[in-house]
Amino acid sequence: MSTRNLAKDQPDSFSFTGEHKARIEKIIAKYPDGYQASAVIPILDLAQRQEGWVTKPAIDVIADLLDMPVIRVLEVATFYTMFNLHPVGKCHVQVCTSLSCWLRGSDDVVKAFNDKLDIKLGETTTDGAVTLSEVECAGACVNAPVVAVGDDYYEDLTYEAMSKLIDDIKAGKTLAPGSAVGRQGAEPEGNRTSLKTDPTQTTPMQDLAVAKQKYEESQDAARKAKENA
Amino acid sequence: MPKLTIDGVEIEVDPGVTILQAAEYAGAEIPRFCYHDRLSIAGNCRMCLVEVEKSPKPVASCAMPVGEGMVVHTKSEKAVKARNGVMEFLLINHPLDCPICDQGGECDLQDQALAFGNDKGRFVEQKRAVKDKYMGPIVSTVMTRCIHCTRCVRFIDEIGGVAEIGATGRGEDTEITTFLEQSLTSELSGNVVDLCPVGALTNKPYAFTARSWELRKTESVDVMDAVGTNIRVDSRGGEVMRVLPRLNEWINEEWLADKSRNACDGLKYQRLDQPYIRRDGKLQPAEWSEAFDAIAEKLNGVAGQKIGALVGDTVDCESTLALKDLMTALGSANLDCRQDGAAIDPSVRASYLFNTTIAGIEEADSILLIGTNPRKEAPILNARIRKRFLAGGVNIGVVGEAADLTYVYDHISDSADALSKIVDGSHPFAQVLKDSERPMLVIGMGALTRADGAAVLGAGYAIAEFTGMVSGDWNGFNVLHTAAARVGALDVGFVPGEGGKDTQGILEGASSGDIQVVYLLGADELDTAKLNDAFVIYQGHHGDAGAHVADVILPGAAYTEKNGTYVNTEGRAQLGQRAIFPPGDAREDWTIIRALSERLGKTLPYDSLEQVREKLRETSPGFGHIDDVAATEWEQFGESGSIEASAFTYQVSNYYQTDPISRASRTMAQCTQDFVMGKTEKATGTHG
């Protein structure tokens with residue numbers, strides 16, 4: 001990470017769309033009167049969803065909207081790396097290169113972008129379609145390596161899987177989020193290794209009763225064996 | 001009342017007090033960077049770590065409230081080691097540029113590194129480097145030195161009232177900056193330089209001019225506004241290098257306004273360093289004796305009532321008294337110190353004082369501002385009103401043009417006639433004042449310098465009476481002056497005597513020929529064009545408006561160059577001390593008048609400063625209470641007249657240039673360009 005500043009080239013103006021304005025009202029209404037500044041993060045996020053990145057005019061508009069000094073909005077926008085302060089491509093791919101993903105082959109995922117789109121981490125394709133960013137742990141280590149495109153995660157990636165995903169992105173197809181190897185959520189690959197019995201049949205309490213009985217029986221047996229000896 | 005033990009000393013403190021404060025009572029010194037008495041607690045520098053028994057980790061004492069039975073060790077091995085570690089971390093990214101740093105010698109980090117740090121660093125990696133930020137003409141930045149204590153952020157937000165500095169980014173990439181490197185617009189911005197515990201924010205005009213140990217420190221009083229801020233003048237040789245605030249809880253706490261701090265370079269330019277006499281229409285250098293001769297020759301045969309004298313805004317009381325005595329000896333009653341023509345009633349002292357006192361503002365529960373913009377006229381006093389505002393439970397009303405005063409107020413009206421509605425109780429704010437236990441009002445010079453100023457003053461009196469502002473030990477009637485000399489001159493009685501002309505009369509008399517000689521003592525803020533036909537004697541320190549129309553110029557001393565008494569707007573007499581000598585042939589002002597009196601054959605009866613001060617004490621009891629406010633009788637004053645339905649215009653339009661010194665100052669010229677004319681040119685990070 002390095003110093004985050006506003007982009008040099010900025011649009012002249014910004015205004016929220018009607019739909020977003022309605023959502024902003026709802027967001028602000030969540031907070032007590034006079035504490036509307038608490039809504040700054042969700043509203044910055046809305047601005048980013050609308051424009052793709054957080055622009056200076058958007059910061060001005062938000063400061064005005066929430067009645068807070070513009071520097072306070074800038075502080076928040078520069079603090080969170082999730083706010084893009086520079087324009088990004090139409091498709092913003094965030095690849096996790098932290099420990100778990102790296103061990104599981106995030107370098108291959110990045111290489112797929114190098115080969116297919118000729119972009120490295122932090123770069124945007126010349127046509128402005130795809131931006132590749134490096135992010136810290138995305139919190140999906142169990143399905144590593146992982147990339148995020150928009151709000152969706154794409155998991156269990158390999159060089160091939162990522163290459164196919166890039167082809168789909170280029171072709172403008174709707175992407176199917178989730179694991180590339182077809183597993184559900186965070187369950188193990190292949191067969192289950194635990195919790196194999198039907199949980200409705202044996203509750204943990206029943207298990208305990210059985211265990212207790214078995215333990216007592218074994219204790220009895222040991223005592224008897226001792227007496228016999 | 002929790003009881004706790006700090007370093008073996010058992011003390012009892014109020015609940016809610018922090019360990020750091022309690023340690024101060026107990027006499028244990030704890031180092032700190034981010035903690036400051038007058039700012040909110042941040043707790044982010046970690047320098048104040050102490051050991052608390054039964055606590056698993058060292059505790060940041062600035063942010064931890066005391067608890068019953070706590071046992072605190074500030075000098076135990078654990079505490080010392082913890083602070084040592086913090087200091088090592090702070091120094092990781094701090095450059096070793098103390099020899100070229102302006103903070104060197106008065107740096108908290110330097111001092112504390114010596115006391116609590118290691119003798120060598122173990123960090124061999126690259127240090128962080130940060131681009132410098134532009135913060136305006138007052139504050140210079142070297143951001144690589146910043147340790148992110150956020151004192152500046154909190155000061156500008158809480159006391160300055162303009163949230164303009166922030167910390168962007170996070171972690172190691174945190175940077176202190178203004179939004180897009182805009183200038184700080186607060187009139188108190190220079191204080192961030194004093195607050196900065198390292199050399200990240202330094203005094204821009206003073207940059208690289210002196211080292212702190214070379215300076216001679218003189219405790220004095222500021223004259224740039226009527227607040228009477230306590231200052232320390234730092235000088236080297238014959239030059240004032242900088243001005244710093246001095247602690248005075250009654251007046252300025254520990255703040256100093258930007259003009260008072262940074263106009264001191266004006267003392268070097270445009271100075272009158274020798275007498276001048278106008279010969280053949282041109283001012284030509286002369287000797288003192290020649291100048292006195294020229295005056296004596298002119299005055300010879302001129303009747304007393306054809307002589308007028310005006311005292312300016314930054315004149316000390318001793319000179320004012322001397323000039324008054326000289327004029328009386330010459331038989332002139334045409335004296336005035338109100339060169340702005342303010343309708344002040346000199347006969348009732350309470351009518352021209354800030355009776356509540358500045359510290360008293362904190363006790364008020366409703367405040368009515370009439371024709372005054374305290375942010376421009378007295379930024380220090382405005383900070384006190386803001387402090388009161390932040391404490392909550394105060395109603396502030398403004399009659400006058402709406403301006404950003406850094407606090408929320410009820411804008412009653414632009415127009416002056418709204419006062420009549422408050423006087424007759426028809427405006428809701430009248431009820432607010434009436435319901436308050438300690439209401440106060442502040443009348444500014446913008447209200448009193450109008451043609452109907454006397455009626456406005458009368459309305460102020462009526463409001464004070466009607467809402468019960470004066471009762472017991474509370475007096476809520478206040479006049480906010482803009483000139484440091486005004487109250488002192490009023491106390492001396494430098495006002496028209498019997499049959500004498502006031503400022504307006506003298507100026508008109510000068511153009512009509514009724515007044516032949518006008519003595520201007522540091523008076524520049526006048527319509528000097530009206531003085532063209534009269535013989536003008538100008539005594540002052542700068543070649544400003546008054547000197548331009550003068551026929552004889554007597555070079556005097558500026559406030560840093562003489563021992564003088566000044567009375568602030570509260571009526572508090574304070575002593576200014578001489579830090580340097582006046583330049584060239586210039587002399588202390590009262591001695592000039594004393595010498596002139598001898599030449600005119602009307603020798604004044606004092607030969608030493610102490611004798612003049614003895615006379616001052618006889619003239620007004622206020623001078624007997626140095627640094628204190630003398631009790632003042634409350635009597636009726638003001639006129640009941642109709643108030644015109646026009647808007648008040650504030651006295652100070654350009655805060656940065658109000659007197660000859662600030663008009664000669666280059667820093668103030670830069671500020672004027674940046675803030676008043678609005679031509680902020682963004683400089684690069686490497687600028688100045």
Side-chain angles (χ1 to χ4, degrees), chain A residues 1-14 32-41 43-45 47-48 53-86 98 122 133-137, chain B residues 40 42 44 93 126-136 139 141 143-144 146 148 150 152-186 189 192 386 389-390 392 404 406-408 682 684-685:
Chain A
M1 203 175 89
S2 60
T3 311
R4 286 160 51 80
N5 286 321
L6 293 183
K8 215 168 183 184
D9 293 322
Q10 293 281 354
D12 295 333
S13 65
F14 174 88
D33 274 351
Y35 290 84
Q36 73 281 36
S38 306
V40 66
I41 292 177
I43 293 177
L44 274 168
D45 179 58
Q48 173 158 312
W53 57 297
V54 176
T55 63
K56 181 189 166 282
I59 288 177
D60 289 334
V61 166
I62 293 168
D64 205 33
L65 191 72
L66 299 177
D67 194 21
M68 59 197 286
V70 68
I71 183 79
R72 295 281 107 80
V73 184
L74 183 77
E75 282 178 335
V76 175
T78 54
F79 187 93
Y80 294 102
T81 52
M82 298 81 182
F83 292 123
N84 305 319
L85 299 183
H86 293 262
S98 293
S133 316
E134 183 181 32
V135 294
E136 297 305 322
C137 184
Chain B
S40 62
N44 52 12
N93 276 322
Q126 285 276 355
K127 282 179 189 254
R128 170 186 96 119
V130 182
K131 220 183 116 203
D132 291 344
K133 306 290 186 289
Y134 180 76
M135 287 198 185
V139 182
T141 66
M143 295 320 281
T144 304
C146 178
H148 307 142
T150 69
C152 52
V153 177
R154 285 173 282 145
F155 173 84
I156 284 290
D157 192 5
E158 292 160 18
I159 290 160
V162 288
E164 285 172 345
I165 308 184
T168 65
R170 62 171 154 155
E172 196 194 32
D173 299 304
T174 307
E175 293 191 355
I176 299 291
T177 182
T178 54
F179 187 67
L180 302 179
E181 302 198 19
Q182 287 158 351
S183 302
L184 293 172
T185 60
S186 170
S189 65
V192 298
R386 179 172 162 79
F389 166 75
L390 289 179
D404 179 7
T406 72
Y407 37 80
V408 178
K682 217 184 118 211
T684 60

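A note on names: the letters A, B, ... follow the listed sequences, proteins ahead of strands, and every chain is numbered from 1.
- Sparse packing is recorded around CD of A:E136, with 12 or fewer heavy atoms of other residues, nucleotides or ligands lying under 6.0 Å away.
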Side-chain atoms of residues 64-72 of chain A: list all donor-acceptor pairs with protein atoms under 3.5 Å, sequence neighbours left out, distances to 0.1 Å.
residue, atom, partner, partner atom, Å
A:R72, NE, A:E75, OE1, 2.9
A:R72, NH1, B:D157, OD2, 3.2
A:R72, NH2, B:I165, O, 2.8

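- A distance of 10.0 Å separates CG of B:D173 from OG1 of A:T78, quoted to the nearest 0.5 Å.
- With hydrogens and angles ignored, the 3.5 Å screen pairs a side-chain donor or acceptor of B:R170 with a backbone N or O of A:F79.
- Using a 4.5 Å cut-off between heavy atoms, B:E175 touches chain A through its side chain atoms alone.
- Here A:S13 pairs with nothing under the side-chain hydrogen bond (donor to acceptor under 3.5 Å, both in side chains) rule; sequence neighbours left out.
- Looking at B:T174, there are no atoms closer than 4.5 Å to chain A (heavy atoms on both sides), in backbone or side chain.
- Counting heavy atoms from C-beta on, the side chains of B:F179 and A:D60 come closer than 4.5 Å.
- The local environment of CG in A:D12 is sparse, with at most 12 non-hydrogen atoms from other residues, nucleotides or ligands closer than 6.0 Å.
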